[in-house]
Structures are given as structure tokens and as C-alpha cells.
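Everything below concerns the one structure shown next.
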Protein chains: 2
Amino acid sequence: MVLTFTEENYLKSLFKISIENENQEVGTTTLAAVLGVKAATANDMLKKLKEKDLVLYEKYGKITLSIVGRTKAIEVLRKHRLWETFLYEKLEFSWDEIHAVAEQLEHIQSEKLVEQLDKFLGYPAFDPHGDPIPNQNGEMKVQFKETLSQIPMGTNCKMVGVKDNSSAFLQYVGKLGLGINVDILVVSIQDYDAMMLIEVGDQTLTISSKCSENIYVVQ
Amino acid sequence: MVLTFTEENYLKSLFKISIENENQEVGTTTLAAVLGVKAATANDMLKKLKEKDLVLYEKYGKITLSIVGRTKAIEVLRKHRLWETFLYEKLEFSWDEIHAVAEQLEHIQSEKLVEQLDKFLGYPAFDPHGDPIPNQNGEMKVQFKETLSQIPMGTNCKMVGVKDNSSAFLQYVGKLGLGINVDILVVSIQDYDAMMLIEVGDQTLTISSKCSENIYVVQ
DNA sequence: TTAAACTGTTAGACTAGTCTAAGAAAGTTA
DNA sequence: TAACTTTCTTAGACTAGTCTAACAGTTTAA
Ligand SMILES: [Mn+2]
Ligand SMILES: [Mn+2]
Ligand SMILES: [Mn+2]
Ligand SMILES: [Mn+2]
């Protein structure tokens, strides 16, 4: 079954909301907000997706992806992250530019294209933001990770990803000299506002809690 | 001005018709046929394109691209042929598979993507079918070429392109051992039906006039 | 336990892109 | 030139995706 550009975006958003907000139930309003449409619009589309058995959904009830819907969503996510990797690795895009273009490229329909792209890139397991790339079977490597804000004083850790994918945040983080695989030493943490003093290479930086909560690390 | 997927296809088709049928005037019916829509549909779209100053067109008159329309058309063609080259050169696609996927990729909006792709491919002047790729300024290398059917008996020539881009034709031609840059010797031509006996490498082939008329060569 | 606030649904309208059916204009031919 | 054929245009209808405005159901909290 070939889905429209729009249907794919709804499924992808539902999937992303469900993994981000773990246990939380997804409602019309949240979905609409994520997609940048009005609740009425999302409601209309949900009826259509239900009709096509892509979501499970009853009036006033919570929204869940069907098996097929979930599979489709993962396929789109796979394409999105492969394209992001391509743009970053092969076409000299910076990590804050890739998302917008991948939003378009993720909708190109061609089995062969996806598989050849994956091969061309050497079957990457993570995209340039540290997010896992689903393989052909829809499986993703789950990497244990914490936010930098959870790391205690005096501890070393390594950056492995970001929670906030906005280009504003990515640009800021990049400018600080942070990025995937960068080693970080937590020097001190302010009691009052959780401001963090960290050491990155030979630089010492002060970052807000808003920032440290959006950086993923492993110890 | 950002155009829709559909508007881009209308402009591209108008441009392609105008270079293929050289002097011939383009009408609603032809345009509709090329795009696979009904004449009424094409007529509706022409009114919209005229409104946006992308085509010059008066009721019952002939259709011409405006400067802006032509520029847009060439941009799409540039993207189409760069993507075809990418798929062929980097992703192991065969020359009969690339067109369909490029039809989708040609609509991705990103200046940087096009320019980086061009750079990544080494600024190619021709696509895998031998068609010229417009450069950033919209200029194309014009290569003098004849159809194989115009080559006299006993003459050597080199294949540089195809007129028919259908995958059926491309597959057939490929199976015969023909392709871009292949050397061809015209051994003999039948008076009756213009069937051609040609030598390609150590092979001798017999091809119909329909076939030889769709192969471009240089002497 | 009822009022207020929030969340979700419906009705009706709009645009882009398409169609069919009908008719008008232009071109061709007897 | 009149009749026929072809090409082009219009009118009206449909789908996908969106909106606003109004209303209905659910949750919260006094
Ligand atoms: Mn992304
Ligand atoms: Mn998308
Ligand atoms: Mn092509
Ligand atoms: Mn196209």
C-alpha cells in the first residue's frame, strides 16, 4: 500500500510521540501540535488512517499505531536518518542543516534506493544526531544513555546524542565545541539553578540546565 | 517563488516538448498527453501558470514559457539529470531504472543539495543517457549528434545518447551490448526496410530502423 | 457534585488538482 | 464555402488536505 506524503508524516509523528513520551497517551491535540495543523484537521486524518487500518482509534479514545502503521512509520524514520547521514557524510552538510532536507527526502518511494543508500553509507547504526537508524527489518540498536544533567560532579562521560533536534540548539551546541563522541568532564554543578561547569578538551564551559537536559551521554 | 510538484512538472514538460519538437507549436492536447492528464486539466493549469507569469498564453493561442518559467524548468531538468547520474554512478542503478526515481528526486527543494550533489559527482556535463546537464547558470553543452539511422554504410561512429528514454528501449539496447561510448561500425543497410547490420566489439547485430532512429551517435 | 477548563468532534467552507460532458473555435477537405 | 474533424475551453463535480466556528465529552477542582 502506497501512502501519501501526508499520511506518512502523521504515522511518523505518532511513532515519534510514542517513543518520546514513553507511557503517555497520545491525543488529537498533541498530534496536531507536532504536525503544525489544527486539531480538527488531525481528527479528520485519524478517521482516514483508521479506515485504512493504520491506527487503532475510537472516538474520544487514545490513538495507537497498528502493526502496519508502525512498520510504515519505521520505514520513514529509516529513510529520514539514512538521508541525514548521507547529507552529513557525503555532501558536507552541517548537522543543523540536514533535518529539513531529510524531511523531504524521507518520502521518496523506492525500495532499491533505500537499500543501496544504506550500503553506500556502510550500514550506519546511528545518524549524525546520535539517533538509531532502523535496519531493513525495522530493528534499532538501543543504546543506554543519560542526559548530561544526570551526571554527577567529577564524572567523565562521552556525548552520544541530542534530545532537541532544532537547528537553533544544534548550532549552539556545535559552537560550544560539543558534538557526537566528544569527551566531557563534569567539573561542578550549581545547587541553585543546576548550571554546569564542564571541561571539553582544553576548554571550560558553563551551560544551563536547559542545555544539559538536551544532551545525551554515556559514562 | 516556490512552485508545487505539479507546477514544476508542467513547466518541465513544456520545456522538453519545445526542445524535442523544435519549431512545432505546443498545444493543450500535446501537453496533456505528455503529462498523462486530460486536456481540460492542462487547460486549467495553464490558466494558473499564466496568472503566475510562468507561461505566455492566450485563449486558443500557442503556449510559450516565460523567462522565469523557462529558468524553473531548466532547474528541474538539472536536478533530474544530476540525480540520474548519482543513482547510476554511486548507487549501482542501471540506466533503465534511474529515470523513475529521478522523477521524484527532481522536486526536492534545496539549493545547497543541488550544488553539493553536483560537486560530489564532479560537475558532470552529461547524464547516463547522454543528455546534457544544465550547469548552475542553466547552460548546457550542445553536442553535435546524429541518429544511427543517418550514418552511411561502412562508417564508424560512437554512441553518445538515446532519443527514446523508456525503460523498455533502454533495457533492449543494453541487452544488445550497446551503451554510451560504445563504438559502432555500420556494415550494411537494407534498402527495403532500413534494417541495419552493425558491428559492436566482436559482435554483429541486426537492428530495426525504429531502433537505429532512437540511438544518437557521433562520427 | 457541579462549574469551569480542557480536549475532541462535527459541520461547512476553501484550494489544488483532477475528471467527464458539452460545446465553441479552428483547421481541413470535398 | 459548407461540412466534417480536431483542438481547445468551460461548467460542474469529485478527492485530499486544510481551516474556522460551534458544539460535545471528559477532566479538574472548588
Ligand atoms: Mn531529523
Ligand atoms: Mn516528513
Ligand atoms: Mn530521465
Ligand atoms: Mn517530475
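Naming convention: chains lettered A, B, ... in sequence-line order (proteins, then strands); numbering from 1 in each chain.
- An OP1 or OP2 oxygen of C:dT7 is reached within less than 4.0 angstrom by no side-chain nitrogen or oxygen of A:Thr28.
- The backbone N or O of B:Glu106 sits less than 3.5 Å from a side-chain atom of B:Lys79, completing a donor-acceptor pair.
- For the pair A:Trp95 (side chain) and A:Leu170 (backbone), a donor-acceptor distance under 3.5 Å is present.
- Enclosure of atom CG in B:Asp191 is not indicated, since only 12 or fewer non-hydrogen atoms of other residues, nucleotides or ligands lie within 6.0 angstrom.
- For the pair B:Lys90 and B:Phe120, the cation-pi test (distance below 6.0 Å, angle within 45°) is passed.
- Near DNA chain D, meaning a heavy atom under 4.0 Å away, the residues from residues 4-14 of chain A are A:Thr4, A:Thr6, A:Tyr10.
- Aromatic ring orientation, A:Phe169 versus A:Tyr172: tilted (interplanar angle from 30° to 60°).
- The distance between atom CG of A:Leu35 and atom P of D:dA16, rounded to the nearest whole Å, is 18 Å.
- Rounded to whole Å, atom C1' of C:dT7 lies 13 Å from atom CD of A:Glu25.
- Judged by a 6.0 Å distance limit and a 45° cone about the ring axis, B:Lys112 is positioned over the six-membered ring of A:Phe93.
- Scanning residues 40-57 of chain B for heavy-atom distances under 4.0 Å to DNA chain C yields B:Ala40, B:Thr41, B:Asp44, B:Met45, B:Lys48.
- Atom CG of A:Leu31 is separated from atom P of C:dG8 by 10 Å (rounded to the nearest Å).
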Check nucleotides 24-27 of chain C against the protein and report each pair of N or O atoms closer than 3.5 Å, with its distance, or say if there are none.
unit_1: C:dA25; atom_1: O4'; unit_2: B:Tyr60; atom_2: OH; d: 3.4

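- Under a 3.5 Å cut-off, the side chain of B:Arg78 and the backbone N or O of B:Gly138 do not form any donor-acceptor pair.
- Under the 4.0 Å criterion applied to side-chain N and carboxylate O atoms, B:Lys72 and B:Glu7 are not assigned as salt-bridge partners.
- Without hydrogens or angle criteria, B:Gln116 side chain to A:Leu91 main chain gives a donor-acceptor distance under 3.5 Å.
- You'll find the ring centres of B:Phe5 and A:Phe5 outside the 6.0 Å limit.
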